[in-house]
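Per chain, numbering begins at 1; letters A, B, ... match sequence-line order.
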Amino acid sequence: MSMRPAGSDPRLNLSKTVVLIVQNNQSELDILGQVFIGFGVKAIRKYLSLQDAEEVARRVDFDLIVVDGDFEDGAGFAFVERLRREREGRNRLAPVLLVAGHTPQSQIYRARDCGANFVVAKPITPKVLFDRILWLVQDQREFVESDGYMGPDRRHKAFGPPPGIKGRRKDDLSPEVGFPAGPDLAQSEIDALLNPRKAVA
Amino acid sequence: MTAARTFKYVNRLAKALTKHSGLTQSEAIKAADGRLVQLRENTLNEIDQTVCHILDLAKQVTSLDDPRVQEIYGAANRIIAMAGVFEKTELGEAAYSLCELITRFRNHGKWSAAMVAVHVDALQVMRQVQDHDPAHCTALKLGLRKVVRIRRLIAKLGGP
């Protein structure tokens, strides 16, 4: 997936970003904290306890939440699920990155369906984290609310399943290519589109 | 059951994307790497201790229902998270392979001390990876993959 604007070197100004990090051990918490400081983040709240993190998430608006998926019994996934389901919650719509090490097959669907914007595999190096933040910054997916799922649309393309298949939405794009709406372009017009040149007086 | 509802919402992070202020990717990575230097020694020591801990635990485990199996899995998972950040990629991969092996043991209800021992030995070798030839490391990684694959094959054939 490429979400980077073409032909530019994007810059991120995270100096006013408020970040919540929840990890299940001190070393990983320290590593992520230092990486965010390097990225210019000044307001970082770090927690080893999901309960403490949940408590602060009720009081503070976060611009980014990073949650460890390696808490025992999928507690990290449950944390994100609760965050998304809290109707009046301050951080219900906040961008969430779920970071996970080895995830047993039995937990993979749960990781996908807990409502995080992205699931990122450890190790979280500075490069990986910067790239994923860039993805998050440009994430324009809609929020989905249903009995079984709450979170950003899990589809990254709006084509949906084929027509006639359950799960298709009325605003999904058609996979069919339609008939032309106007006359074909002349070759010179196509050339001009591909290789535009300044007009010479 | 109610119908699904979708709606647009404001992405709080979108304002962080700027044209002139802030950091480019290379600037941000350089700054973050600079911050990580101070954690490097302690983290590498912790990785060493974790490898030793796995070694001790693995010697004592004889069956899958031993609670220490989860402790080994958790310790290996911590190595995955830490090693790759400090250029110990091979060590992280060996730890990942150990986690995968334990997951397969759980799926099939069997424990193999010998297969775990191979992984623990590999973790010890990978920790000192700078002393080894890259080809040696690659061979070791391929060997671990084979061990995990063999576990799957044995399970498929209904073996012990």
Inset, instruction - Could you have a look at B:I80, B:T24, B:T103 and say which one has the most heavy-atom pairs with chain A under 4.5 angstrom? - result: B:T24

Legend entry - Test salt bridge (Lys or Arg N to Asp or Glu O under 4.0 Å) applied to A:R85 and A:E81, step by step: CA-CA 6 Å; A:R85 288 193 174 275; A:E81 282 163 359; over 6 Å; no

Legend entry - Ion pair check, B:R78 and A:E28, cut-off under 4.0 Å: no

Legend entry - Proximal component of B:F7, with respect to chain A [non-hydrogen, under 4.5 Å]: both

Legend entry - Between B:A4, B:A81, B:S26, B:A76, the one whose heavy-atom pairs under 4.5 Å with chain A are most numerous: B:A81

Inset, instruction - Report the option among B:I102, B:N107, B:V85, B:N77 that has the most heavy-atom pairs separated by less than 4.5 Å from atoms of chain A. - result: B:N77

Inset, instruction - Using side chain to side chain contact (heavy atoms under 4.5 Å, CB included) as the criterion, point out the one residue from A:I124, A:L32, A:L129 that pairs with A:L97. - result: A:L129

Legend entry - No-hydrogen, no-angle side-chain donor-acceptor test under 3.5 Å, A:N13 and B:S21: yes

Inset, instruction - Taking only Lys NZ, Arg NE, NH1 and NH2, and the carboxylate oxygens of Asp or Glu, determine whether A:E145 and A:R84 approach each other closer than 4.0 Å. - result: no

Legend entry - Heavy-atom contact with chain B under 4.5 Å, split by part of A:D30: both

Inset, instruction - Examine distances only and state if a side-chain atom of A:D68 and a backbone atom of A:N24 form a donor-acceptor pair shorter than 3.5 Å. - result: yes

Legend entry - Test: A:R58 and A:E88 ion pair at under 4.0 Å: no

Inset, instruction - Name the member of A:T125, A:L14, A:D70 that forms the most heavy-atom pairs with chain B at distances under 4.5 Å. - result: A:D70

Legend entry - Residue B:T43 versus chain A: region with a heavy atom under 4.5 Å: side chain

Legend entry - Proximal component of A:S15, with respect to chain B [non-hydrogen, under 4.5 Å]: neither

Legend entry - Part of A:P104 within contact of chain B (heavy atom distance under 4.5 Å): both

Inset, instruction - Counting only heavy atoms closer than 4.5 Å, note whether A:E72 contacts chain B via side chain, backbone, both or neither. - result: side chain

Legend entry - Engaged part of B:L39 at the chain A interface, taking heavy atoms whose separation is under 4.5 Å: side chain

Legend entry - Pair A:R82 + A:E86: basic N to acidic O under 4.0 Å: no

Legend entry - Side chain, backbone, both or neither of B:Q38 within contact of chain A (heavy atoms, under 4.5 Å): side chain

